[in-house]
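Every chain is numbered from 1, with letters handed out A, B, ... down the list of sequences.
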Amino acid sequence: MKKPYHHQSIEDKWQKHWQKKKLFKTENSSRKPKYYILDMFPYPSGAGLHVGHPEGYTATDIVSRYMRMKGYNVIHPMGWDAFGLPAENYAIKTKIHPETSTLNNIKTFKRQIQELGFSYDWDREIATCLPEYYRWTQWFFRFLYTNGLAYKKKAPVNWCKNCRTVLANEQVINGHCDRCKKVVIQKKLAQWFFRITDFIETKKGTSGLLKGLDKIDWPESTKIGQRNWIGKKEGVIIHHQVEGTNIQLDTFSAYPAWLFADTFIVIAPEHPLLKELVRGVSHENAVNDFVKECKKMSTQERSEENLEKKGVFTGSYALDSFNQGSKMPIWVANFALMDFGTGIIRCSAHDIRDYQFASKYHIPLKEVVDRVNELEPVNAHGNEGTLKDSGPFSGKIISEQLIKEMKEWIIQQKIGKKTETYRLRDWLVSRQRYWGAPIPIVYDNEENEYLVPEEELPVKLPTDVDFNPTGESPLVHSKSFHNPKDLMRIERKLKKSGVMPKDRTLVRRESDTMDTFVCSSWYFWRFMDPKNKKAFADKKIINRMGPIDLYVGGAEHTVLHLLYARFFTKALHRHGMVQYDEPFMKLRHQGMILGEDGEKMSKSRGNVINPDTIIEQYGADTLRIYEMFMGPFEQMKPWSMKGVLGVYRFLQKVWRLAVETPKTKGKPQATTTKMLHQTLKKVTHDIEDFKFNTAVSQMMILVNHLQRLEKIPGEALEMLLICLYPFAPHLAEELWEEMGNKKMIMEQKWPKYNPKLAKEDLIALPIQVNGKLRGTIKVDADISREEALDLSKTQPVVAKYLKDKEILKEIFVPGKIVNLVVR
RNA sequence: GCCGCGGUGGUGGAAUGGUAUACACGAGGGACUUAAAAUCCCUUGGAGCUUGCUCCAUGCGGGUUCAAGUCCCGCCCGCGGCACCA
């Protein structure tokens with residue numbers, strides 16, 4: 001009876017069956033324990049699904065199917081991160097409305113994802129660009145605003161001339177736009193910010209963005225990435241009086257070892273105190289010119305590594321708090337940055353940058369450590385040397401302990417205080433773009449801002465817009481967006497509630513939209529209660545179904561998305577809306593899949609693999625298993641068509657085993673039973689540890705074994721199919737049915753392996769002499785020490801090495817090894 | 001410069017301090033076949049010779065240990081992140 005493995009019809013059959021019967025629908029009311037497994041939802045790009053997507057999705061699908069068999073109520077949803085620049089840029093080029101292209105892309109993505117047979121509950125599908133979703137994104141804006149966590153500020157912002165929009169700090173890579181790679185410049189604009197910095201440290205019972213990391217199961221490198229991004233530095237602030245005035249200048253120091261060496265001070269050109277420091281007309285002119293020159297430069301130019309260090313003397317001196325009686329000239333310098341420390345720096349010969357600056361302008365320097373090499377300035381961050389000319393610290397060797405003492409001394413002497421600085425800034429969320437959620441704010445004739453009342457949400461995106469970027473949001477010129485009738489209605493409501501004075505009139509809406517990262521900062525809650533019309537999600541439900549037990553996605557979201565989602569969770573927690581203050585309990589990243597040439601897949605290189613082609617030729621089950629078998633989940637790895645074929649052959653082998661090999665009802669032989677339990681054990685542990693590649697190889701070992709049998713015991717086939725099911729659900733389901741089972745394989749319980757049966761009872765015990773392998777003996781696994789040693793010594797291959805030697809030491813590790821140390 | 005990750009056969013990779021190279025790919029040989037494909041079986045880290053034994057191999061150099069791919073110290077190389085950071 002020959003019947004070929006026909007993957008197309010099998011996969012089509014089971015996918016239809018699953019969908020028609022809604023077999024993966026999750027009820028929030030289930031009595032089973034919940035387990036929430038989430039993929040980072042994709043941006044539905046025009047290019048369609050990338051082979052990198054199914055890598056993560058297969059992993060979560062394996063865990064989902066496994067956990068369901070273990071008796072959990074698994075919530076496993078999928079949706080679309082559907083707002084964003086690419087759709088808008090596409091609209092500019094082709095005049096196709098972003099909504100049209102996005103919905104089209106979603107269709108393609110959904111088809112492709114469904115063809116891979118993932119067990120998503122499609123009744124929970126969401127798309128962030130739909131009004132019923134972004135209504136709640138706007139609700140979150142209201143929530144943050146109401147609680148003082150959203151504010152508008154005129155600030156120098158990162159501006160991309162090409163995209164004609166503001167970018168968050170996180171979207172500026174080396175001074176270049178994250179999207180178009182063009183140089184980013186600074187521009188002063190009124191922008192909306194979220195107060196994420198209020199959540200860095202633990203406060204009011206909500207763990208901070210730093211502390212919270214300690215209690216979650218995330219890759220250590222990701223935690224470190226978040227800590228670095230937050231960039232907490234503990235140090236001291238030093239106070240200085242400006243000579244002849246009451247002005248106080250504060251400088252920051254993270255490492256106070258060299259403070260006695262400092263001889264001059266530099267201040268950032270943007271610093272508000274600068275004006276008050278300028279003395280005399282000539283200095284005033286020079287400073288004004290210099291500030292103007294600095295303003296002309298872009299961030300990129302100003303942070304160029306070998307930018308010429310430039311500065312101008314202000315005419316003022318600060319009194320040195322360390323060296324009594326000394327005066328420190330105050331300079332404006334282009335390397336002093338307003339957004340680090342206090343914007344003012346104490347400078348010394350022990351910093352290469354400061355040293356170069358001082359040499360150029362002939363500013364006197366002082367050294368507090370003897371230099372080894374006269375030509376080189378001592379590195380400021382080195383931690384070697386003995387201090388001299390350093391007040392009470394002269395003669396002491398620099399050490400962690402000494403730094404501590406110096407900090408204490410500074411506080412005692414009242415010349416400074418302890419402080420922390422952070423790299424993290426508040427999150428700039430305004431975007432001068434169309435394809436995003438409108439910010440729910442209106443303005444009156446005096447430019448006062450008001451929140452759009454909740455019942456007026458969603459503030460819908462209009463369709464009468466011109467996409468060509470002008471630097472203003474396309475919404476500015478939309479007539480329907482600023483419809484006077486709507487504004488009057490909102491005005492009446494605002495006046496009625498007493499928020500807005502009677503003598504004013506609303507004139508316009510806020511026409512900026514929100515950063516798409518806002519939409520993706522809360523989507524995991526919407527999945528829990530996607531149809532809710534009264535709230536973004538029911539409070540009881542988000543406490544019941546959350547937090548996310550397992551979150552899987554690319555490592556490129558190490559900072560941005562993960563930090564923002566944590567911030568949202570903490571904001572809700574602080575205001576009593578949710579019981580947990582971390583959203584993602586366990587996080588794993590999939591490694592990037594490279595092209596066959598070992599390079600990143602890209603259209604221009606022509607090394608892109610289309611999942612559709614693989615599915616058509618080899619089937620979804622092959623693609624799924626291949627991507628798991630490629631290598632360690634989190635590791636980067638190149639694609640191999642030959643490898644795909646190998647997996648396909650494996651599945652065909654399984655097929656033939658089940659369909660062509662005669663079955664027997666009897667108990668499997670001892671060796672087969674052993675291998676079954678070993679496989680079950682390994683697959684169980686490997687799924688839980690995300691070691692899918694070795695789980696697959698163990699199943700291959702089992703299949704190779706079974707293939708050699710004349711008849712295959714039914715029990716063995718059953719167990720193999722159960723192990724295989726999470727990986728290749730279509731094939732497993734089909735063969736399960738083929739075996740004559742009435743119930744589906746997905747309804748089976750995940751069997752517990754028998755540790756006794758999984759254990760080998762006869763082992764090949766290696767015998768070493770002086771650590772070198774000299775032979776192995778077949779023995780009982782729990783052989784005694786004496787027996788093992790005796791047996792070892794009498795082995796001819798071993799005895800040869802023991803002849804005329806004195807045995808110094810006998811090592812026996814039960815079940816592992818014998819080592820005889822001789823001389 | 002700082003932080004993180006990695007370096008094992010021809011290739012992807014496996015290995016709680018305990019037989020390094022599982023599993024897969026590729027290659028070679030054989031069976032089946034008129035032939036090919038498919039399938040199955042055998043061989044496959046390197047070197048040497050006396051062909052079943054010896055030596056050498058986990059980026060390099062040291063160390064700890066009865067025993068190191070694994071732990072420690074010092075380097076080299078590749079990848080990723082941050083960086084005029086006071």
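Rounded to whole Å, the separation between the P atoms of B:U64 and B:A83 comes to 43 Å. A distance of about 15 Å separates the C1' atoms of B:U43 and B:U51, rounded to the whole Å. Separating the C1' atom of B:C5 from that of B:A20 is a span of 23 Å, rounded to the nearest Å. Atom C1' of B:A14 sits at a distance of 10 Å from the matching atom of B:U8, rounded to the whole Å. The P atoms of B:G74 and B:C23 are separated by 39 Å, rounded to the nearest whole Å. The same atom, C1', is picked in B:G52 and in B:A67; the two are 26 Å apart, to the nearest Å. Nucleotides B:G26 and B:A37, compared at atom P, are 13 Å apart to the nearest Å. Taking atom C1' on both B:C42 and B:A47, the two are 24 Å apart, rounded to the nearest angstrom.
In this model, the phosphate group of B:G6 is not approached by any side-chain N or O of A:Gln635 to a distance below 4.0 Å at OP1 or OP2. Here A:Arg656 does not reach the OP1 or OP2 of B:A38: none of its side-chain N or O atoms lies under 4.0 Å away. Using a 4.0 Å cut-off, no side-chain N or O of A:Arg649 falls inside it from OP1 or OP2 of B:A37. Using a 4.0 Å cut-off, no side-chain N or O of A:Asn693 falls inside it from OP1 or OP2 of B:A24. Taking 4.0 angstrom as the limit, A:Arg423 places a side-chain polar atom (N or O) nearer than this to OP1 or OP2 of B:A83. The side chain of A:Lys809 contributes an N or O atom lying less than 4.0 Å from OP1 or OP2 of B:C66. Contact check, A:Lys600 against B:C79: no side-chain N or O comes under 4.0 Å of OP1 or OP2.
Between A:Ile701 atom CD1 and B:A24 atom P the separation is 8 Å, expressed in whole Å. The separation between A:Gln698 atom CD and B:A24 atom C1' is 14 Å, rounded to whole Å. The distance from atom CZ of A:Arg785 to atom P of B:C66 is 14 Å, rounded to the nearest whole Å. Atom pair A:Leu594:CG and B:G6:P shows a separation of 16 Å (rounding to whole Å applied). Residue A:Asp351 contributes atom CG, which lies 18 Å from atom P of B:A83 at whole-angstrom precision. Spacing between atom CD of A:Glu220 and atom P of B:G80 amounts to 22 Å, rounded to whole angstrom units. Across the protein-nucleic acid pair, A:Leu702 atom CG and B:A24 atom P stand 12 Å apart, rounded to whole Å. Put simply, NZ on A:Lys223 is 25 Å from P on B:G80, counting in whole angstrom units.
Among the atoms of the strands shown, base atoms are found under 4.0 Å from some heavy atom of A:Ile811. Among the heavy atoms of the strands lying under 4.0 Å from A:Lys642 are primed sugar atoms or P, OP1, OP2 only; no base atom is included. Across all strands, A:Val821 comes closer than 4.0 Å only to sugar-phosphate atoms, never to a base (heavy-atom distances). In this structure, A:Ala764 reaches the bases: a heavy-atom distance under 4.0 Å links it to at least one base atom across the strands shown. Nucleic acid contact for A:Gly225: none, since no nucleic acid atom lies under 4.0 Å from a heavy atom of the residue. Within the 4.0 angstrom heavy-atom criterion, only backbone atoms of the sugar-phosphate kind lie near A:Ser253; the bases stay farther away. When heavy atoms are screened at a 4.0 angstrom cut-off, A:Arg774 is found touching the sugar-phosphate backbone but no base atom. Within the nucleic acid shown, A:Asn228 comes within 4.0 Å of sugar-phosphate atoms alone, with no base atom in reach, counting heavy atoms only. Here A:Glu810 lies out of heavy-atom contact (under 4.0 Å) with every strand. Backbone-only engagement by A:Asn704 is indicated by non-hydrogen atom pairs under 4.0 Å involving sugar-phosphate atoms exclusively.
Comparing A:Gly343 and A:Val818 along RNA chain B, the residue whose closest nucleotide (by nearest heavy atom) sits nearer the 5' end is A:Val818. Comparing A:Ile224 and A:Lys637 against RNA chain B, the residue whose closest nucleotide sits nearer the 5' end is A:Ile224.
Cation-pi geometry between A:Arg774 and A:Tyr801 is satisfied (NZ or CZ under 6.0 Å from the ring centre, within 45° of the ring normal).
The listed nucleotides are B:C53, B:C66, B:A20; the one nearest the side chain of A:Asn819 is B:C66. The listed nucleotides are B:A15, B:A24, B:C41; the one nearest the side chain of A:Thr694 is B:A15. When each of B:U39, B:A86, B:C56 is scored by its nearest atom to the side-chain atoms of A:Lys772, the top-ranked nucleotide is B:C56. The listed nucleotides are B:U19, B:A22, B:A14; the one nearest the side chain of A:Ile817 is B:U19.
Taking a cutoff of 4.0 Å between a charged side-chain nitrogen and a carboxylate oxygen, A:Asp217 and A:Arg588 qualify as a salt bridge. A salt bridge does not link A:Lys3 to A:Glu660: none of the charged side-chain nitrogens sits closer than 4.0 Å to a carboxylate oxygen. A salt bridge is defined here as a Lys NZ or Arg NE, NH1 or NH2 lying under 4.0 Å from an Asp or Glu carboxylate O, and A:Glu810 with A:Lys793 meets this definition. For the pair A:Arg346 and A:Asp354, the salt-bridge criterion is not met [side-chain N within less than 4.0 Å of a carboxylate O].
Each of A:Phe264, A:Phe357, A:Phe290 was scored for a ring-ring contact (aromatic ring centres under 6.0 Å, His included) with A:Trp331, with one residue passing: A:Phe357.
Residues A:Phe690 and A:His589 place their aromatic rings such that the two centres sit no closer than 6.0 Å. With ring centers used as reference points, A:Tyr648 lies 6.0 Å or more from A:Phe650.
Using Watson-Crick or G-U wobble geometry with both donor-acceptor distances under 3.5 Å, B:G52 finds its partner in B:C49. Applying the Watson-Crick and G-U wobble criteria (two distances, each under 3.5 Å), B:A67 pairs with nothing in any strand. Using the Watson-Crick or G-U wobble rule with both distances under 3.5 Å, B:A22 pairs with nothing in any strand shown. Of all nucleotides present, only B:C82 satisfies the Watson-Crick or G-U wobble test against B:G1, with each distance under 3.5 Å.
For the pair A:Tyr361 and A:Lys310, the minimum side-chain heavy-atom distance is below 4.5 Å.
A glycosidic torsion no more than 90° from 0 defines the syn conformation, and B:G9 adopts it.
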